[in-house]
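Numbering of ligands and ligand atoms starts at 1, following listing order. Computed from a predicted model, the values in this text were never measured in an experiment.
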Amino acid sequence: MACRTAILISGSGTNLQAFIDAVAAGNLDLDLCVVFSNKPDAYGLQRAAKAGIPTICIEHGDFESREAFDRAVIAELDRFEPELLVLAGFMRILSSGFVEHYEGKILNIHPALLPKYPGLDTHQRALDAGDEWHGSTVHFVTEELDGGPRILAGRLRIHPGESADELQTRVQAVEHRIYPAAAGLVGSGRVVFRDGDAIIDGKSAAEPVLKTYD
Ligand code: GAR
């Protein structure tokens, strides 16, 4: 049976769309059981509805604390019995209670070649540093922001004179390839989280699988 997967978004949801398209094309064996947003106007909610996926929206501003909001999210998500949570542009820091509740079952994609550039403005930071390579990384979520064990990274060469917006567009195209692929590996059990490490095909992975794109 396909792995029951919840996708959490806050915005446009182009990564969500990549999952929807990959499942529809028969290239990804996940059961996309629910899409959650903390923003009612997130366009990704419309993408989910169009694909016939149930949606939930809870606004964090309605809660007194991060913990209270996260408890409400857990209660709603757990009605769908997800086995995997995919953070796809979900712009919230998770409480330790949330991470513990879904330990080893949460994936995130971060638009940088981690451990470089955790946090925001990754594309501009890579340009400012004069980096040769930039990209995006899929990793398991732990309590350390953008710091959990890495699974798969996609890199591309920075073009001379390229703007941050241009770079972001190219990096997002890479994300749409690596994120469904990485989630598929987790969903099928080829990649697991054990004792704080990513285990890929039975081996503890100090470095993520690295793919290079144009
Ligand atoms: C993606 O590029 C993702 O890497 C980034 O948000 C974007 C969401 O785009 N995530 C982060 O910055 C998390 N730290 P999308 O809504 O079009 O999928």
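- A distance of 10.0 Å separates CD of Q17 from CD1 of I7, quoted to the nearest 0.5 Å.
- Taking a heavy-atom cut-off of under 4.0 Å, ligand 1 is surrounded by S12, G13, T14, N15, G89, M91, I109, H110, P111, Q172, E175.
- Applying the salt bridge (Lys or Arg N to Asp or Glu O under 4.0 Å) test to every pair with at least one member in residues 164-182, sequence neighbours left out, gives these pairs: E162-R170.
- Shown are L84, V34, V23; of these, the side chain to side chain contact (heavy atoms under 4.5 Å, CB included) with T5 is made only by L84.
- Ionic pairing of K105 and E83 is not present here: no N-O contact between side-chain nitrogen and carboxylate oxygen is shorter than 4.0 angstrom.
- Judged by the 6.0 Å distance and 45° axis criteria, R92 is not positioned over the aromatic ring of F98.
- A donor-acceptor pair is defined here as one N or O able to donate and one able to accept, closer than 3.5 Å; such a pair exists between the side chain of H110 and the backbone of Y117.
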